[in-house]
Protein chains: 2
Amino acid sequence: MLTYPLEERGGLPLYEYLYRRIRADILAGTLAVGERLPSKRQLAEHLHVSVITVENAYAQLEAEGYVFAKPKRGFFVAPVVPLPAPPPSPPLPSIPVPKAAWRLDLKRTQVDASRFPVATWARLTRQVLSEDSGALLRPVPQQGLPALRQAIAEDLRDYKGMAVSPEQIVVGAGAEYLYLLLAQLLGREAVFAVEDPGYPKIRLVYEACGAVCRPVPLDTRGIDMDALAVAGANIVHISPSHHYPTGLVTPIGRRQELLQWADRTGGTIIEDDYDSEFRFSGRPIPTLQSIDSSGRVIYMNTFSQTISPSMRMGFMVLPPQLLARYRRDLGFYACTVPALEQHVLARFLSGGHYEQHLSRMRKEYRVRRDRVLDAFRSSPFADRISISEQGAGLHFLLRLETVRSDEALRRQAQTLGVRLGFLSEYAAVPSAAYAHTLVVNYAGLAAEQLPEAMALLAQIFAE
Amino acid sequence: MLTYPLEERGGLPLYEYLYRRIRADILAGTLAVGERLPSKRQLAEHLHVSVITVENAYAQLEAEGYVFAKPKRGFFVAPVVPLPAPPPSPPLPSIPVPKAAWRLDLKRTQVDASRFPVATWARLTRQVLSEDSGALLRPVPQQGLPALRQAIAEDLRDYKGMAVSPEQIVVGAGAEYLYLLLAQLLGREAVFAVEDPGYPKIRLVYEACGAVCRPVPLDTRGIDMDALAVAGANIVHISPSHHYPTGLVTPIGRRQELLQWADRTGGTIIEDDYDSEFRFSGRPIPTLQSIDSSGRVIYMNTFSQTISPSMRMGFMVLPPQLLARYRRDLGFYACTVPALEQHVLARFLSGGHYEQHLSRMRKEYRVRRDRVLDAFRSSPFADRISISEQGAGLHFLLRLETVRSDEALRRQAQTLGVRLGFLSEYAAVPSAAYAHTLVVNYAGLAAEQLPEAMALLAQIFAE
């Protein structure tokens with residue numbers, strides 16, 4: 001008969017102690033496979049516990065498969081291999097700790113989230129939760145909350161002159177997630193042309209999905225059409241309003257050539273409009289989507305730059321044919337953005353708060369950019385740099401006259417606590433044309449930092 | 001000289017009207033490629049507008065590439081092809097409207113979100129926003145907010161006996177997104193064995209990612225080991241705690257065989273623990289992860305069933321080797337869950353609200369299940385059904401004695417406004433063994449609905 005020192009059970013309930021001891025005996029082989037356990041009543045009497053205690057212990061052993069019941073005959077030990085106890089866990093790779101803050105970081109795309117009207121967002125969140133707390137829990141349609149898609153369509157109409165139906169809009173958890181969906185939507189036989197140099201994550205995501213990516217060089221007007229023609233791609237992913245990192249704006253003539261390429265080859269254009277909101281003067285550049293008469297352009301944008309990268313919300317606008325394919329092939333995917341965020345963003349957009357915020361940020365960034373450009377132009381190294389800047393976006397290119405390599409400059413900067421980004425890092429195919437060119441992300445540069453920043457750069461840029 | 005009737009500009013600013021008219025003339029070919037535009041001053045005088053107005057119009061045309069400037073010579077028309085105006089948009093496929101509510105829906109997995117403590121969640125949300133409104137905007141580490149991963153690790157330790165470091169946890173926007181990551185992490189040469197019958201989205205996502213899926217049949221103890229051996233898979237995706245839709249719990253002996261399979265073949269086990277929280281008696285079934293001594297098990301779970309499907313939050317626990325691979329190959333992916341949700345869930349977990357909610361829901365669902373089982377057992381068709389139920393989860397199987405086909409039953413049910421789900425629908429490889437077996441998702445069935453539900457089913461099940 002099984003005998004266990006019940007007084008040694010510590011804080012465990014009786015049934016759990018009993019279950020653990022029997023389980024240990026089964027795993028150790030002390031109780032052999034096929035052996036019959038004492039009846040519940042016998043064991044209860046033997047151990048001076050209630051039948052219910054034994055019953056619960058046996059039930060747990062049965063649920064986990066350590067024992068099995070034969071009707072009217074009782075419980076038997078199930079086939080179990082003695083397994084070694086898990087060894088002490090090996091040390092885990094530790095999460096890369098964010099580097100000690102840089103004295104000056106010109107590489108990281110910095111959005112000044114501190115200007116975001118958090119109070120308004122918090123108020124709208126409280127509003128949604130108090131007026132309609134069920135909003136938190138009700139399932140959201142696969143393409144996103146109808147009210148949000150409506151608000152996005154209206155914003156696109158009012159501020160970008162785009163005629164888009166809310167039904168064409170697919171909401172997703174940020175640009176990278178939308179890239180993932182596009183890689184699946186467009187098929188694995190698709191060949192993606194990507195801008196070279198370009199935003200590296202585009203290629204990383206497509207390639208992680210198994211798609212073939214062909215880097216296509218740029219000329220002064222955007223993606224090179226001759227190179228595109230020989231790339232054998234049927235998809236081209238571009239940022240015609242403001243290319244990262246060169247800042248290039250694709251002129252209307254090249255846009256037309258791109259549309260003609262798509263028409264001629266049956267290709268698809270992904271228009272990644274990631275920061276078109278930050279154009280500092282005049283009207284926004286009309287999107288390719290708005291002059292596409294053949295349904296060949298997928299438009300996409302996110303709220304990462306305009307609200308905050310931690311928001312994780314973007315959307316794409318699918319032309320009718322791809323929309324039908326999306327619903328057929330990928331309609332099973334649930335929307336990846338929480339319902340609450342969608343309700344709040346819908347109110348933030350339709351209440352005019354979004355455009356108000358953008359308008360404030362445009363002014364703010366323009367002032368910042370002017371200050372930064374002034375600082376560079378009156379710096380000790382002013383006669384050795386040339387800046388190319390398109391009145392848009394949160395970065396510009398700075399070409400430095402130097403004989404030193406990018407790597408040497410980067411290393412020296414590092415010793416001074418300065419992080420530099422170089423155009424050459426964004427290129428898939430190296431070219432001497434990219435050398436000595438910094439990508440300056442200025443949006444995080446406050447006025448009071450500028451004197452120190454210029455002094456540091458003067459040290460680094462010194463011959 | 002360009003002449004436009006400025007009085008016809010309607011509400012447009014002068015510069016924008018001028019820009020539009022010149023753009024139209026360029027697109028129509030009225031202004032030929034290479035033609036020189038009048039100087040700003042000439043045109044301003046001619047049209048009786050300010051030079052600034054013309055300057056702004058020219059600047060916009062230049063930004064969009066309709067004209068280009070030659071230093072000291074003025075603006076010239078750029079090469080632009082006349083493009084037809086976009087035709088009126090074709091009708092868009094309309095978003096599938098949710099079907100008129102069913103009188104009785106036994107197919108949809110229903111979580112009773114109405115019992116969720118929305119007030120507590122709302123309070124925690126307000127707390128985060130008022131104590132630390134920056135939480136909304138600060139970037140979140142790629143694997144998820146440290147406080148949330150800590151809270152998840154503690155919950156796994158306290159309620160599932162799992163020893164997991166927060167560093168092993170990756171937070172993502174729901175189970176489907178985690179499947180996407182796993183498909184990429186495990187490589188495209190991976191062959192996934194999936195349970196047949198099983199939860200269909202698992203296969204859909206893996207296949208959408210280009211992975212090969214091999215459906216492997218089940219025996220009475222879970223996935224069939226002989227069939228697994230010949231499937232040629234190196235990954236097996238299973239739900240050993242409570243299989244969907246059969247409800248099967250994999251006993252310890254089969255779990256050990258699975259671990260041995262993984263050790264022997266170098267394979268990986270994905271343990272999808274999607275509803276283990278709803279076990280109605282005894283202790284939770286220990287996870288495979290907790291008896292894995294070789295780092296072969298990836299554990300994953302979500303908050304979709306326990307909080308709400310509209311929450312879009314799940315997590316996985318990677319063993320050390322795969323964690324290192326994840327950071328190397330997929331570390332570029334930003335975390336897909338908004339920062340705010342992560343802060344609130346971290347507090348919801350660490351404040352004990354989550355386990356309190358689960359404990360309430362377990363009681364509630366057990367009562368509901370008992371009531372539903374009672375209703376079936378005292379129904380007019382009680383002697384023609386057999387129910388298999390494992391004291392867990394939000395669904396059970398009901399086998400009906402009938403000569404009619406599943407399809408005939410489904411059609412008749414539909415005419416009565418009843419939605420039935422059949423085991424056969426979850427099978428990749430058809431088998432007569434699955435026939436006449438309903439998957440009953442009972443969690444949404446309220447007590448007052450039961451008499452009508454049984455009356456409707458009696459009509460459908462009548463011979």
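All chains are named by letter (A, B, ...) in the order of the sequence lines, taking the proteins before the strands, and each is independently numbered beginning at 1. Atoms considered below: every heavy atom in the structure, side chains included; atoms not considered: hydrogens, waters and symmetry mates.
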By a 4.5 Å heavy-atom criterion (distance strictly below it), what part of [X] contacts chain B: side chain, backbone, both, or neither?
X        : value
A:Arg254 : neither
A:Val80  : both
A:Pro284 : backbone
A:Ala59  : neither
A:Glu55  : neither
A:Tyr19  : side chain
A:Pro146 : neither
A:Val337 : backbone
A:Thr336 : both
A:Ile252 : both
A:Ala78  : neither
A:Phe332 : both
A:Leu180 : side chain

Residues in ring pair (Phe, Tyr, Trp, His ring centres under 6.0 Å) contact with B:Tyr58, at least two apart in sequence or another chain: B:Phe75
Using the ring pair (Phe, Tyr, Trp, His ring centres under 6.0 Å) criterion, which residues pair with A:His242? Sequence neighbours excluded. A:His395
Identify the two heavy atoms, one from [X] and one from [Y], that lie closest to each other, and give their separation to 0.1 Å.
X        : Y        : result
A:Leu137 : B:Ile307 : CD2-O, 4.2 Å
A:Ser310 : B:Pro139 : CB-CA, 4.2 Å
A:Pro338 : B:Glu341 : CB-OE2, 3.6 Å
B:Gln184 : A:Cys209 : NE2-SG, 4.2 Å
A:Ile285 : B:Ala63  : CD1-O, 3.7 Å

Can you tell me how far [atom2] of [Y] sits from [atom1] of [X], rounded to the nearest 0.5 angstrom?
X        : Y        : atom1 : atom2 : result
A:Thr125 : B:Arg126 : OG1   : CZ    : 10.5 Å
A:Arg283 : B:Arg20  : CZ    : CZ    : 5.5 Å
A:Leu136 : B:Phe116 : CG    : CZ    : 6.0 Å
B:Leu204 : A:Leu330 : CG    : CG    : 9.5 Å

Between [options], who has the most heavy-atom pairs with chain B when the cutoff is under 4.5 Å?
options                                : answer
A:Arg138, A:Met311, A:Glu16            : A:Glu16
A:Leu340, A:Asp329, A:Val205, A:Val249 : A:Val205
A:Ala208, A:Ser241, A:Pro240           : A:Ala208
A:Gly295, A:Ala122, A:Gly253           : A:Ala122

Going by heavy atoms in the side chains, are [X] and [Y] under 4.5 Å from each other?
X        : Y        : answer
B:Arg23  : A:Pro286 : yes
B:Cys335 : A:Arg312 : no
B:Gln256 : A:Leu27  : yes

Report the option among [options] that has the most heavy-atom pairs separated by less than 4.5 Å from atoms of chain A.
options                                : value
B:Pro309, B:Gly174, B:Ala339, B:Ala334 : B:Ala334
B:Ala173, B:Gly134, B:Gly172           : B:Ala173
B:Val118, B:Val140, B:Leu185           : B:Val118

Which region of B:Tyr177, side chain (C-beta onward) or backbone (N, CA, C, O), has a non-hydrogen atom less than 4.5 Å from a non-hydrogen atom of chain A, or is it both or neither? side chain
When you look at CD of B:Gln127, are more than 12 heavy atoms from neighbouring residues, nucleotides or ligands closer to it than 6.0 Å? yes
Salt bridge check: are A:Glu64 and B:Arg255 linked by an N-O gap of less than 4.0 Å? no
